[in-house]
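Heads up: the structure comes next, in structure tokens.
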Amino acid sequence: MARSSLFKTIHIECPVCNMFHQVEERIRMSNATIKGENLFYEEHYFVCTNGSGDSNAETEKATNSANEKQLSGRKNHEFQTENLNNINLIAVGNAYRKAHSLMTTEEIVSLRENYGLTQVELARLLGWGEATISRYESKAIQDEAYDTMLRIIKENPLMAVHFLDKNSDKFPETKRMQIRTRMIEKLDSYGKEFLSRQVLESAYVKFPVPSDFNGYRLLDINKLESIVSYYAERVAELYKVRLMNMLWYADALSFKTYGNSITGMVYRHELMGAFPIGDDSLISLKNMNVRREDDLETTQYQFYPNSTLDLSVLSKNETDILDSVLTKFKNFSDMNLAAFIQEETAYKQTRQHDIIPYSLAKKIHG
């Protein structure tokens, strides 16, 4: 039986012993099959605590261990309510969505609430059936075409305004103006970030699929912005040369360790080390907290933390990689770090301006 952890305890009418008492709500990793795929998810279930389950265990064969008896008895005391079953079905669906890079139910809810829309209003906005969003926020899984439309209005408030104007006849005039005002507010706050992202993304149109060039991961600007903030919070003076090389080393170490990069960026052999394609556009991202410093001969860019970013987009494995890079290079100057990168096999086996394949990252000193 899979290991479980206690989530909470509640008082309910227990169907196991037909008594109203405190039961345990527990969580364990489980698996289910959706569309032919075996997926793992966190399963919630209740355990009746009204008795240890020993009476069930005593019926087991004498050869069973005491631990096996206890587990068997506990299994006989498990149950789920309809509400808990729905929670598990949503968790399974979200596991499928994440595996296929589709928006999760929580992300759809967040998108809708961001614009102040009900489920029906969001469906009307996009010209869909009124029950569509309700189904997607529960157990139904959207196809890629529908997911693309959701992502478009999530990332570009201007497109949300466009859809609202297109389907204006589906809203009372007062409500339509309220929604439009909310969208314009979002456009003011998100518009610059969207445009700056477009510039960086345009540099990656030549890399539309996972490959050896991007570390078998597509460009993920959310992770990139979070990594820069993570580094900036822990490095006293984080300038561009140092940052670019630390980004490459983190992506390379992730590829060496787990078989894929973190950011999906493509790196080139440059004079001062390994720099990502679109490094100038990276600096211009709205969520980058960066200060330009000019003197008579040079221009430098110093990066600072951005407290508004959600660092939870980085997994535990990814932050472990970042911490390893920080530990390794904490006493390096910008020039020393560039010199270190230049001694890596991946750098030596490529020429200036060449793309550095991630397959060469397997030989880095990490």
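Throughout, numbering of the chain's residues begins at 1 and tracks the sequence.
Under a 3.5 Å cut-off, the side chain of Ser138 and the backbone N or O of Ser134 do form a donor-acceptor pair. Using modelled atom types, no side-chain atom of Asn31 and backbone atom of Leu39 make a donor-acceptor pair closer than 3.5 Å. Judged by distance alone, with hydrogens and angles left aside, the side-chain atoms of Asp220 form no donor-acceptor pair with the main-chain N or O of Gly264 at under 3.5 Å. One N or O on the side chain of Arg234 and one on the backbone of Tyr230 form a donor-acceptor pair closer than 3.5 Å.
Looking only at atom types and distance, the side chain of Arg197 has a donor-acceptor partner in the side chain of Asn222 under 3.5 Å away. If you check the side chains of Ser229 and Asn306, you find no donor sitting under 3.5 Å from an acceptor. A donor-acceptor pair shorter than 3.5 Å can be found between the side chains of Asp212 and Ser359. No side-chain donor from either of Asn83 and Thr81 sits under 3.5 Å from a side-chain acceptor of the other. Counted by atom type alone, Asn287 and Thr308 present zero donor-acceptor pairs between their side chains at under 3.5 Å. Judged purely by distance below 3.5 Å, without hydrogens or angles, the side chains of Tyr146 and Thr132 never pair a donor atom with an acceptor atom.
No side-chain heavy atom of Met288 sits less than 4.5 Å from a side-chain heavy atom of Ile283. Between Ile153 and Leu122, some side-chain heavy-atom pair lies under the 4.5 Å cut-off. With a 4.5 Å cut-off on side-chain heavy atoms, Glu107 and Leu102 do not count as touching. A heavy-atom distance below 4.5 Å is not found between the side chains of Val109 and Glu106. At least one side-chain heavy atom of Met265 sits less than 4.5 Å from a side-chain heavy atom of Leu282.
The OG atom of Ser254 sits 4.5 Å away from the CD1 atom of Ile262 when rounded to the nearest 0.5 Å. Atom OG of residue Ser315 and atom NZ of residue Lys223 lie 5.5 Å apart, to the nearest 0.5 angstrom. Here the straight-line distance linking atom CE of Met183 with atom CG of Leu158 works out to 11.0 Å at 0.5 Å rounding.
With hydrophobic clusters built from ILVMFWY side chains whose heavy atoms lie under 4.5 angstrom apart, Ile227 shares a cluster with Ile364. Hydrophobic clustering (ILVMFWY, side-chain heavy atoms < 4.5 Å, transitive): Met335 and Val325 are in one cluster. Under the 4.5 Å side-chain contact rule for hydrophobic residues, Leu311 and Leu238 share a cluster. Hydrophobic clustering, with ILVMFWY side chains joined whenever heavy atoms are under 4.5 angstrom apart, keeps Leu164 apart from Met177. Each of Leu150 and Leu218 belongs to its own hydrophobic cluster when Ile, Leu, Val, Met, Phe, Trp and Tyr are linked at side-chain heavy-atom distances under 4.5 angstrom.
Lys240 and Asp280 are joined by a salt bridge, as a carboxylate oxygen and a charged side-chain nitrogen come within less than 4.0 angstrom of each other. Remark: Arg180 engages Asp165 in a salt bridge, criterion side-chain N to carboxylate O under 4.0 Å. Here Glu121 does not pair with Arg124 in a salt bridge; the nearest charged N to carboxylate O distance is not below 4.0 Å. Salt-bridge annotation for Arg112 and Glu137: present, with a side-chain N of the basic residue lying under 4.0 Å from a carboxylate O of the acidic one.
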Going through the checks in order, is the side-chain contact (heavy atoms from CB on, under 4.5 Å) test met by Tyr231 and Arg242? CA-CA 10 Å; Tyr231 277 156; Arg242 184 181 185 87; over 6 Å; no

Worked check of side-chain contact (heavy atoms from CB on, under 4.5 Å) between Asn317 and Thr257: CA-CA 10 Å; Asn317 287 341; Thr257 307; over 6 Å; no

Give the intermediate values and the outcome of side chain to side chain donor-acceptor pair (under 3.5 Å) for residues Tyr267 and Asp279. CA-CA 9 Å; Tyr267 294 87; Asp279 58 292; over 6 Å; no

Worked verdict on Ser30 versus Tyr45 for side chain to side chain donor-acceptor pair (under 3.5 Å): CA-CA 11 Å; Ser30 188; Tyr45 65 99; over 6 Å; no

Audit row: Phe171, Leu125, side-chain contact (heavy atoms from CB on, under 4.5 Å) steps and yes/no: CA-CA 9 Å; Phe171 297 87; Leu125 174 77; 4.2 Å; yes

Give the intermediate values and the outcome of side-chain contact (heavy atoms from CB on, under 4.5 Å) for residues Asn214 and Leu219. CA-CA 8 Å; Asn214 53 28; Leu219 178 67; over 6 Å; no

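More than 12 heavy atoms of other residues, nucleotides or ligands lie within 6.0 Å of CD in Glu293, so this atom counts as buried by the packing criterion. For Gln352, the CD atom is densely surrounded, since the number of other residues' heavy atoms within 6.0 Å is greater than 12.
Under the ring-ring contact (aromatic ring centres under 6.0 Å, His included) criterion, Tyr258 pairs with no residue at all, not counting sequence neighbours.
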Donor-acceptor contacts, no H, no angles, side chain residues 199-211, under 3.5 Å, sequence neighbours left out:
unit_1	atom_1	unit_2	atom_2	d
Ser202	OG	Val199	O	2.5
Tyr204	OH	Val266	N	3.3
Tyr204	OH	Ile277	O	2.9
Ser211	OG	Phe213	N	3.2

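Partner Arg28 forms a side-chain hydrogen bond (donor to acceptor under 3.5 Å, both in side chains) with one of His44, Glu42, Glu43 and no other, that one being Glu43.
Among residues at least two apart or in separate chains, there is no ring pair (Phe, Tyr, Trp, His ring centres under 6.0 Å) pair with a member in residues 278-310.
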